[in-house]
Amino acid sequence: MGTHPPQEPYASAPLAGGDRVDPYAGFSPVGSDRTTTVGESYQGGLEDAARAGVQVLGRRREDGTFVFPGTESINRSRVFSGPGYLAPRPPQTRWAVPGVWISAIGLVVFPLLLVGIVFGALGLQETREGTIAGRGASRTAVTIGAMGAVLWLMFWIAWQLTRS
């Protein structure tokens, strides 16, 4: 009994004549009757998608490069400078972290609670679209501020009841 050589697990199935075919050799994009390679079809992908009625998010710059929404301000040289892909950090709202700190300090100094709630609300408004980070910290600022305001109100009511 002879042993068979190991077969490549991802090879295409042999044809009737025994020859193998590259399954990616002739790629035909959707809505097109021309046969191209995958890379060639990607170059004209926006135009092909527009002709096929597919909505494409993004636009082409004047220099011909494609820009996805929310990536207009990314420094491409920093992202692609090293080995691998260094994902850029999204911009952070300037209201979130100060709002959390001011709300926390407002637990001791009441007027600062209101400032913390306003900062948190401004941060929530700025992060509504999802392209700016800091939504969780903004929620935390509003939550701490609201809970602190309720606690201050309870202390004030208790103090008023004990005075009379």
Side-chain angles (χ1 to χ4, degrees), residues 9-10 23-24 27-32 34 36-164:
Y10 302 110
Y24 305 107
F27 173 75
S28 178
V30 175
S32 171
R34 62 187 170 96
T36 62
T37 65
V38 177
E40 289 172 358
S41 68
Y42 181 76
Q43 296 297 324
L46 288 177
E47 292 79 14
D48 289 344
R51 278 194 293 273
V54 177
Q55 179 184 3
V56 178
L57 298 176
R59 60 180 176 79
R60 281 204 189 274
R61 288 187 179 149
E62 294 167 359
D63 62 357
T65 58
F66 182 74
V67 180
F68 287 101
T71 62
E72 293 90 356
S73 62
I74 291 176
N75 182 356
R76 289 183 290 171
S77 62
R78 182 170 181 212
V79 172
F80 299 109
S81 63
Y85 175 75
L86 307 171
R89 294 185 65 194
Q92 173 91 17
T93 178
R94 62 182 180 270
W95 301 106
V97 175
V100 171
W101 281 103
I102 291 172
S103 291
I105 295 169
L107 294 173
V108 178
V109 182
F110 175 73
L112 290 180
L113 278 176
L114 302 176
V115 175
I117 291 173
V118 169
F119 276 29
L122 289 170
L124 284 173
Q125 182 179 7
E126 200 172 277
T127 61
R128 181 178 22 199
E129 293 178 9
T131 57
I132 297 178
R135 190 157 183 84
S138 298
R139 283 183 185 157
T140 303
V142 171
T143 304
I144 291 174
M147 290 173 49
V150 168
L151 285 173
W152 272 99
L153 181 65
M154 289 173 41
F155 286 137
W156 182 77
I157 291 173
W159 181 64
Q160 292 295 326
L161 289 175
T162 58
R163 281 184 52 199
S164 44

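Quick note: numbers below take in every heavy atom, side chains included, and nothing from hydrogens, waters or symmetry partners.
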Original post:
Looking only at heavy atoms, what is the nearest atom pair of Ala104 and Ile144, with distance?
Top reply: N-CG2, 4.0 Å
Subject >> Closest contact, heavy atoms only, Gly120 versus Ala141 >> reply: CA-CB, 3.9 Å
Subject >> Spacing of Thr140 atom OG1 and Met147 atom CE [to the nearest 0.5 Å] >> reply: 10.5 Å
Original post:
Of the non-hydrogen atoms in Trp95 and Gly123, which two are nearest, and what is the gap between them?
Top reply: CB-N, 3.7 Å
**OP:** Please report the closest heavy-atom contact between Leu112 and Ile102, naming both atoms and the distance.
**Re:** O-CG2, 3.2 Å
**OP:** Kindly indicate, with the supporting measurements, whether the criterion side chain to side chain contact (heavy atoms under 4.5 Å, CB included) is fulfilled by Leu122 and Val118.
**Re:** CA-CA 6 Å; Leu122 289 170; Val118 169; 4.1 Å; yes
Original post:
How many angstroms lie between CG in Leu161 and CH2 in Trp156, if you round to the nearest 0.5 Å?
Top reply: 9.0 Å
**OP:** Work out which heavy atom in Thr93 is nearest to a heavy atom in Ser138; give both atom names and the distance.
**Re:** CG2-OG, 4.1 Å
Subject >> Atom CD of Glu129: over 12 foreign heavy atoms under 6.0 Å >> reply: no
Original post:
Considering all heavy atoms of both residues, which atom of Trp152 and which atom of Leu113 are nearest to each other, and what is their separation?
Top reply: CD1-CD1, 3.3 Å
Original post:
Just how far is it from atom CD of Gln125 to atom CZ of Arg135, taken to the nearest 0.5 Å?
Top reply: 10.5 Å
Subject >> Main-chain N/O of Trp159 paired to Thr162 side chain as donor or acceptor, under 3.5 Å >> reply: yes
